[in-house]
**Q** 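Got a structure for you, questions after.
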Amino acid sequence: MTPADLASTVLTAARAVFVTRGLDVSLLPETTTVERPRNPEHGDYASTMAMQLARKAGVAPRELAAALADELSSRPGIKSVEIAGPGFLNIRLDAAAAGVLARDVVLAGQEYGRTDRLAGQRINLEFVSANPTGPVHIGGVRWAAVGDALSRLLRAAGADVGTEYYFNDAGSQIDRFARSLYAAAQGEPAPEDGYGGAYIAEIATAVLAAAPDALKLGRDEALEVFRVEGVKLMFAEIRQSLDEFGVHFDTYFNEKDLHDRGELQEALDRLREQGHIDERDGATWLRTTDFGDDKDRVLRKSDGDWTYFAADCAYYLDKRKRGFDRVVIMLGADHHGYIGRMKAMAACFGDDPETNLEILIGQLVNLVRDGEPLRMSKRAGTVITLEDFVDALGVDATRYALARYSSDSPIDIDIALWTRASRDNPVYYVQYVAARTASAARQAEAVGLTRGDAADFHPELLAHEKENDLLKALGEYPAVVASAAELREPHRVARYLEEVAGAYHRFYDEPACRILPKGDEPIGPANRARLWLNDATRTVIANGLALLGVSAPERM
RNA sequence: GCGCUCGUAGCUCAGCGGAUAGAGCAACGGACUUCUAAUCCGUCGGUCGCAGGUUCGAAUCCUGCCGGGCGCGCCA
């Protein structure tokens with residue numbers, strides 16, 4: 001019996017109580033959940049339904065709880081129901097009802113944890129979106145890990161997701177990039193406002209290899225060559241490093257296309273129809289203050305040029321026109337000032353800024369060695385790059401470390417910690433369970449212990465406290481995936497996996513819960529049952545790590 | 001000044017209105033003739049920044065204040 005099954009049993013019981021007592025059935029919620037109490041004295045699961053309904057139904061909480069407990073305790077799979085405190089229902093399951101979960105998880109395999117919670121939602125998820133003027137640096141790295149994990153999470157929760165990388169290969173940033181390459185190719189120092197770092201020289205050399213005559217051209221023509229070739233090389237490099245990091249975008253969207261297709265004008269026209277455009281001081285303004293922004297924003301400057309914000313508007317409209325009903329954009333903390341104008345912009349289009357546009361803000365990351373933030377990078381000069389991260393920690397640890405914390409908190413990633421092979425390194429702790437479960441399965445096979453047919457499975461033998469704890473942890477997985485997806489918080493998956501890992505290690509270390517028979521003891525049904533539990537654990541750990549883009553090794 | 005965000009154990013951080021607020025590290029003490037001790041168990045450790053409010057119930061929601069970080073261009 002899964003927590004979801006139990007919750008619907010509770011709801012059914014509540015309905016029966018309401019009917020019997022002549023209460024208004026429409027007061028009952030559509031769905032309910034059961035909690036997993038921290039205190040084992042409070043049973044396997046707890047329901048707060050009696051307290052939530054008591055006031056509405058006009059019945060004392062404990063009286064309602066008593067009626068519910070009575071109704072519930074006769075249902076199959078339920079061992080006991082107690083009333084506690086102001087009206088908690090503390091429920092214990094039969095060992096057999098709880099143990100069946102091990103089989104269900106194994107049989108579901110990769111499907112275990114997938115839900116339809118977000119079914120029908122079309123979500124566009126934009127992250128990283130760095131312009132091709134240099135390697136992906138530290139801010140983008142966090143979003144590469146978190147954004148990619150979130151995309152996997154949203155898909156697991158049933159959403160239709162498109163991931164997107166937005167970039168601009170024109171404009172003044174790129175001009176500075178081109179001038180920096182040109183200068184480097186001529187052996188000159190970087191321009192005052194240019195880009196530094198060894199990668200500039202590398203790219204410049206590569207441009208010269210592709211276009212050997214570039215320096216013989218006039219300055220303007222040469223700059224154009226360096227711009228076009230440099231962007232091409234830089235972008236290929238960005239894509240490659242993301243690729244090696246396990247992050248693949250569905251769409252790489254170039255801002256230039258918005259201009260070429262006249263989408264900025266189209267967005268402006270649309271906003272004008274909606275009545276939020278002003279002409280002032282020779283410029284065209286979007287009256288974002290209509291929807292709570294601090295000040296109105298210019299779309300087209302008095303010199304006729306479009307602003308960056310105008311492209312943002314066009315890009316948003318483009319995503320909506322492509323059928324995405326939820327546009328999610330992940331930005332660094334230094335961009336949080338954009339939230340107001342972006343939300344207002346969505347409202348100006350006639351959208352609901354609460355549901356159609358979500359802006360997620362990620363705080364900064366430091367890579368730390370011996371308590372000191374790493375600032376210097378051979379490649380980039382001043383910033384930490386994706387490669388720096390991967391060189392220091394490896395892909396798995398980098399992804400896990402970045403996805404483990406709420407994006408709301410600034411984090412220091414300690415190199416020594418995340419490369420250590422011990423309990424205090426969370427990725428090791430979790431991956432070790434993957435390896436341990438695989439090892440146990442190998443050992444079992446070697447001594448002729450197999451799970452056998454599903455019909456041979458005796459779930460009631462998984463009655464030890466350690467087994468029960470592990471089963472309860474495994475049962476939480478679908479709810480964790482669903483809520484992490486809804487809240488856009490992949491770190492919940494990592495934290496949950498650490499909990500499962502702890503429960504497994506305690507199970508494994510319990511002499512009374514050996515999977516393999518000891519010495520020359522015969523193989524019994526309890527060994528088989530524990531092998532089901534072992535394999536169910538491996539399934540959950542592997543599925544969860546996959547959501548984070550982290551491997552589940554068979555050996556370590 | 002305005003806005004956003006954070007404030008939980010000595011440190012790093014969990015905790016989508018539920019019961020006695022948790023984990024790891026650090027400190028101290030235990031467990032390998034037994035499936036990987038890469039693990040496990042125990043002890044110590046708290047004014048959940050402060051003050052009000054909402055609620056049967058608040059670390060969680062609301063308001064104000066204090067403290068840290070960040071942002072406030074016809075820049076990109």
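Throughout, a chain's letter reflects where its sequence line sits, starting with A, and its residues are numbered from 1.
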**Q** Scan nucleotides 10-20 of chain B nucleotide by nucleotide, 5' to 3', and note B when protein non-hydrogen atoms come under 4.0 Å of the base, S if they reach only the sugar-phosphate, - if neither.
**A** ---SSSB-BBB
**Q** Please name all residues satisfying side chain to side chain donor-acceptor pair (under 3.5 Å) with Ser422(A), sequence neighbours left out, ordered by chain then number.
**A**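 So Ser422(A) forms a side chain to side chain donor-acceptor pair (under 3.5 Å) with Asp424(A).
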**Q** Who passes side chain to side chain donor-acceptor pair (under 3.5 Å) against Arg287(A), sequence neighbours left out?
**A**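 Partners of Arg287(A) under the side chain to side chain donor-acceptor pair (under 3.5 Å) test: Asp278(A), Asp290(A).
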**Q** Just to verify, what does Arg530(A) make a salt bridge (Lys or Arg N to Asp or Glu O under 4.0 Å) with, not counting sequence neighbours?
**A**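 So Arg530(A) forms a salt bridge (Lys or Arg N to Asp or Glu O under 4.0 Å) with Glu467(A).
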**Q** Could you work out, with salt bridge (Lys or Arg N to Asp or Glu O under 4.0 Å) as the rule, every residue matching Asp296(A), not counting sequence neighbours?
**A**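 Listed in chain order: Arg280(A).
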**Q** Considering residues at least two apart in sequence or located in another chain, which fulfil the salt bridge (Lys or Arg N to Asp or Glu O under 4.0 Å) criterion with Arg492(A)?
**A**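 Salt bridge (Lys or Arg N to Asp or Glu O under 4.0 Å) list for Arg492(A), sorted by chain: Glu489(A).
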**Q** Once side chain to side chain donor-acceptor pair (under 3.5 Å) is applied, do any residues pair with Arg404(A), and if so which ones, sequence neighbours excluded?
**A**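 If we apply the side chain to side chain donor-acceptor pair (under 3.5 Å) test to Arg404(A), skipping adjacent residues, the hits are Glu498(A).
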**Q** In chain order, what residues pass the salt bridge (Lys or Arg N to Asp or Glu O under 4.0 Å) check against Asp260(A), with sequence neighbours excluded?
**A**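 Once residues adjacent in sequence are excluded, the partners of Asp260(A) under the salt bridge (Lys or Arg N to Asp or Glu O under 4.0 Å) criterion are Lys256(A).
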**Q** May I have the list of side-chain donor-acceptor pairs in residues 171-178 of chain A shorter than 3.5 Å, sequence neighbours left out?
**A**
residue	atom	partner	partner atom	Å
Arg176(A)	NE	Asp193(A)	O	2.8

**Q** Tell me, which of residues 504-515 of chain A have any heavy atom that sits under 4.0 Å from an atom in RNA chain B?
**A**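 The stretch gives His505(A), Arg506(A), Tyr508(A), Asp509(A), Arg514(A), Ile515(A) as the residues lying under 4.0 Å from the strand, ordered by number.
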**Q** Applying side chain to side chain contact (heavy atoms under 4.5 Å, CB included), can you list everything that pairs with Glu354(A), at least two apart in sequence or on another chain?
**A**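 By the side chain to side chain contact (heavy atoms under 4.5 Å, CB included) rule, Glu354(A) matches Asp352(A).
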**Q** Please map the stems of RNA chain B, keeping only stretches of three or more Watson-Crick or G-U wobble pairs with both distances under 3.5 angstrom.
**A**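 Stem list for RNA chain B: B:1-7 with B:66-72, B:10-13 with B:22-25, B:27-31 with B:39-43, B:49-53 with B:61-65.
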